Amino acid sequence: MLDSTTQVAQGRSVGAGELDALIIGAGFSGLYQLLCLRDRLGLSAQVLEAGEGVGGTWYWNRYPGARCDSESHSYAYYFSEELLQDWTWSERYPAQPEILRYLNHVADRFDLRRDIRFGARVTAAHYDAAANRWHVRTESGDRYTAKFLITAVGCLSSANIPDIPGLDGFTGRWYHTGQWPHEGVDFTGKRVGMIGTGSTGIQAAPVIAASAAHLTVFQRTANYSIPARNAPLTEEFKRWAKENAAEIRRVMHSTPNGHPFAIADRSALDVSPEARQAIYEAAWEKGGLQFRATFRDLLLDKTANDTAAEFLRAKIREIVKDPATAAKLADIDHPFATKRPPIDTGYFETYNRDNVTLVDVRATPIECITPTGILTRDGKEYPLDIIVFATGFDAMTGPLLRMDIRGRDGLSLREAWQAGPRSYLGLQVAGFPNLFTITGPGSPSVLCNMPVAIEQHVEWITHCIAHMRAHGMERIEAQPEAVDRWVEHVNEAANATLLPQAKHSWYLGANVPGKPRVFMPYAGGMARYREICANVAARGYDGFTLSG
Ligand SMILES: Cc1cc2nc3c(=O)[nH]c(=O)nc-3n(C[C@H](O)[C@H](O)[C@H](O)COP(=O)(O)OP(=O)(O)OC[C@H]3O[C@@H](n4cnc5c(N)ncnc54)[C@H](O)[C@@H]3O)c2cc1C
Ligand SMILES: NC(=O)c1ccc[n+]([C@@H]2O[C@H](COP(=O)([O-])OP(=O)(O)OC[C@H]3O[C@@H](n4cnc5c(N)ncnc54)[C@H](OP(=O)(O)O)[C@@H]3O)[C@@H](O)[C@H]2O)c1
């Protein structure tokens, strides 16, 4: 690990022109990658960012209720002891404004802003083999040339706005949660329709319902959710987190999902029903993603999973007073945690409010959007002033494929990934020399507490480029056979779990019509993946071709 600001070399700040490295995106990934390449390796590096500020996810997702599901002491960079000591989180799960403040603090603390171009959306990146350079173009026509191109575009940064007929003619206002207006939205006295009950919709519904005249939630797939039990952090906890940062990092690095808690080493089927119930009750009371860690086999064995699923369905029926609404909410068709499991603050309780209605659009699909509302197939129209699309993202491949990326011989990434993404370690694609994809498809990324996955990728890429410089190498490219082997391993890892059983999950690309159904993240666990990547590097970048 690259771990000390004492290694800082004086970096060069450059404008447009020839660069050692160009980084696309200024979220968690891009900020740290800039710091590593500029200040630790002394490269000329620049970030191009579509938004007008740093923060990525936390710059764009300003919807009501937006906050982290990772616990604050784990949702942070761990590369700098000084940074860990000088930042203090206020809540168990920080809200969007606090995370955005944190990332701005990081940008200022490490003087990163001078090498970031804001309002610079990359539209094309073409590799010139003769010159061994990437030529990059932005929406406004600016051009850049760099030896290394590093995408830090995020897994969840391309809004998925469903193509529902009539939206253009809607006379009210509509918003996607991932492109939320900076000035906020006033719901007071408004009839609001919200489409989507993923993590976002589940966070937003209680907050919108608190101020809207009426909230109608359009649910296609019912979802599990566990109470977050958010609360301000005590002074004691804040001190503990700082004093034990090294131990917290060790735990995060040793678990499959990068969270700061271990998964219990027991099967859900090895304990009595009474003991199991007590364990689930305690985890429900504690709240948060730790519920998944109660037993080791919840994602491996359907019978074990059923015990958790049934516990959570029973909780919904217990909380929601209207039996018909409770039945729709509890009619969940996939095993627990095979879609990213949301955590919430008063989500199911929201349906006990008089001003909230649930519409099951699996039973009665949305027919169209009318000028004044949403019409479902049973002929019922829901009059609305505002529509909120909590409909998620064209995840993982979307942000990459929205750019025209072309590698060797003009091969486009869209062609290369026509049948789904294919990468080596989620870090490189055969035919695209010197292109690195932070948290790319085929890496643990979204199955992990993401700052852990991001730091590992950024540091691996940094070490790799340092190695190339030390050995006079100019070019690195994934070997096609290594890609084939890795894709096979990614599939095996997914198939060893229950994850592919959620047929409509965005992990499989199933939320975007026409997208190839391929399980995209690596489900073999972050700790195992870290070891695989370290071994590849130790063996002289096995599976990559390096050349002078
Ligand atoms: C609402 C929400 C809550 C989340 N909560 C958690 C959580 O609790 N725990 C967790 O681990 N993860 C969470 N995530 C995942 C989150 O995306 C990551 O934790 C992390 O923020 C990703 O950082 P990143 O820098 O890789 O990508 P992002 O933060 O997505 O940043 C990518 C940046 O690239 C820019 N970009 C993309 N394409 C281009 C282009 N063509 N040209 C120029 N710029 C471009 C975007 O504008 C964006 O600013 C959440 C995601 C969402 C949407
Ligand atoms: N605090 C957090 O940690 C947090 C918060 C928000 C988001 N996130 C991250 O971001 C990811 C995405 O979350 P998300 O909630 O934004 O998206 P999501 O999980 O993809 O959920 C989108 C919702 O919209 C529905 N939907 C999509 N298209 C629709 C259509 N045409 N008609 C009706 N319903 C439609 C989906 O239904 P189907 O299920 O039927 O497709 C689903 O209920 C999460 O899984 C998580 O990784 C994290």
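Whatever order the structure lists them in is the order used to number ligands and atoms, beginning at 1. Worth saying up front: this structure is predicted, and the values here are computed from it rather than measured.
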Heavy atom to [atom], shortest distance: which of [options] holds it?
atom                    : options                : answer
atom 27 (O) of ligand 1 : Gly119, Gly154, Pro399 : Gly154
atom 22 (C) of ligand 2 : Gly196, Gly65, Ala390  : Ala390
atom 18 (C) of ligand 1 : Tyr75, Phe28, Trp58    : Tyr75
atom 31 (N) of ligand 2 : Pro162, Ser445, Gly392 : Pro162
atom 41 (O) of ligand 2 : Arg220, Gln96, Gln219  : Arg220

Region of [X] engaging ligand 2 - heavy atom pairs below 4.0 Å:
X      : result
Ser199 : both
Tyr93  : neither
Ala510 : neither
Lys339 : side chain
Leu156 : side chain

Please state which part of [X] comes within less than 4.0 Å of ligand 1, counting heavy atoms only: side chain, backbone, both or neither.
X      : answer
Ile454 : side chain
Ala66  : neither
Tyr93  : neither

Nearest protein heavy-atom contact for atom 48 (C) of ligand 1: which residue, which atom, what distance?
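For atom 48 (C) of ligand 1, the nearest protein heavy atom is Glu49 OE1, 3.5 Å.
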
Would you check the N or O atoms of [X], main chain and side chain alike, for any that come under 3.5 Å of an N or O of ligand 1?
X      : result
Val122 : yes
Asp69  : yes
Thr439 : no
Thr200 : no
Trp60  : yes
Arg67  : no
Met450 : yes
Pro451 : no

If you take all heavy atoms of Ala209 and Leu215, which pair is closest and at what distance?
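Looks like CB-CD2, 4.1 Å.
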
With respect to Thr391, determine whether any N or O atom, backbone or side chain, lies less than 3.5 Å from an N or O atom of ligand 2.
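In fact, backbone or side chain, Thr391 has no N or O that close.
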
Does this structure show an ion pair linking Arg117 with Asp142, if we count only N-O contacts that are shorter than 4.0 Å?
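No, Arg117 and Asp142 are not salt-bridged.
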
Is any side-chain N of the basic residue among Asp69 and Arg340 closer than 4.0 Å to the acidic one's carboxylate O?
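So Asp69 pairs with Arg340 through a salt bridge.
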
For ligand 2, is [X] a contact, meaning one of its heavy atoms is under 4.0 Å away?
X      : result
Val446 : no
Phe218 : no
Tyr63  : yes

By number and element, which atoms of ligand 1 are closer than 4.0 Å to a non-hydrogen atom of Gly25?
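Selected atoms, number and element: 33 (C), 34 (O), 35 (C).
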
Below 4.5 Å, heavy atoms only, C-beta onward: do His259 and Gln290 meet side chain to side chain?
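No, every pair of side-chain atoms sits at 4.5 Å or beyond.
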
Could you list the donor-acceptor pairs under 3.5 angstrom formed by side chains in residues 92-101, with sequence neighbours left out?
{"unit_1": "Arg92", "atom_1": "NE", "unit_2": "Glu71", "atom_2": "OE1", "d": "3.4"}
{"unit_1": "Arg92", "atom_1": "NH1", "unit_2": "Ala228", "atom_2": "O", "d": "3.4"}
{"unit_1": "Arg92", "atom_1": "NH1", "unit_2": "Arg229", "atom_2": "O", "d": "3.3"}
{"unit_1": "Arg92", "atom_1": "NH1", "unit_2": "Lys286", "atom_2": "O", "d": "2.8"}
{"unit_1": "Arg92", "atom_1": "NH2", "unit_2": "Glu71", "atom_2": "OE2", "d": "3.2"}
{"unit_1": "Arg92", "atom_1": "NH2", "unit_2": "Lys286", "atom_2": "O", "d": "3.3"}
{"unit_1": "Arg92", "atom_1": "NH2", "unit_2": "Gly287", "atom_2": "O", "d": "3.0"}
{"unit_1": "Tyr93", "atom_1": "OH", "unit_2": "Ala228", "atom_2": "O", "d": "2.8"}
{"unit_1": "Gln96", "atom_1": "NE2", "unit_2": "Trp58", "atom_2": "O", "d": "2.9"}
{"unit_1": "Glu98", "atom_1": "OE1", "unit_2": "Ser90", "atom_2": "OG", "d": "2.9"}
{"unit_1": "Glu98", "atom_1": "OE2", "unit_2": "Ser90", "atom_2": "N", "d": "2.8"}
{"unit_1": "Glu98", "atom_1": "OE2", "unit_2": "Ser90", "atom_2": "OG", "d": "3.3"}

In chain order, what residues pass the side chain to side chain contact (heavy atoms under 4.5 Å, CB included) check against Thr197, with sequence neighbours excluded?
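Checked Thr197 against side chain to side chain contact (heavy atoms under 4.5 Å, CB included); matches are Val217, Gln219, Tyr347.
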
I would like to know whether His176 and Asn160 meet side chain to side chain donor-acceptor pair (under 3.5 Å); could you show each step before the answer?
CA-CA 8 Å; His176 186 280; Asn160 171 39; over 6 Å; no

Could you please spell out the steps behind the side chain to side chain donor-acceptor pair (under 3.5 Å) verdict for Glu52 and Tyr59?
CA-CA 9 Å; Glu52 293 298 339; Tyr59 171 87; 6.0 Å; no

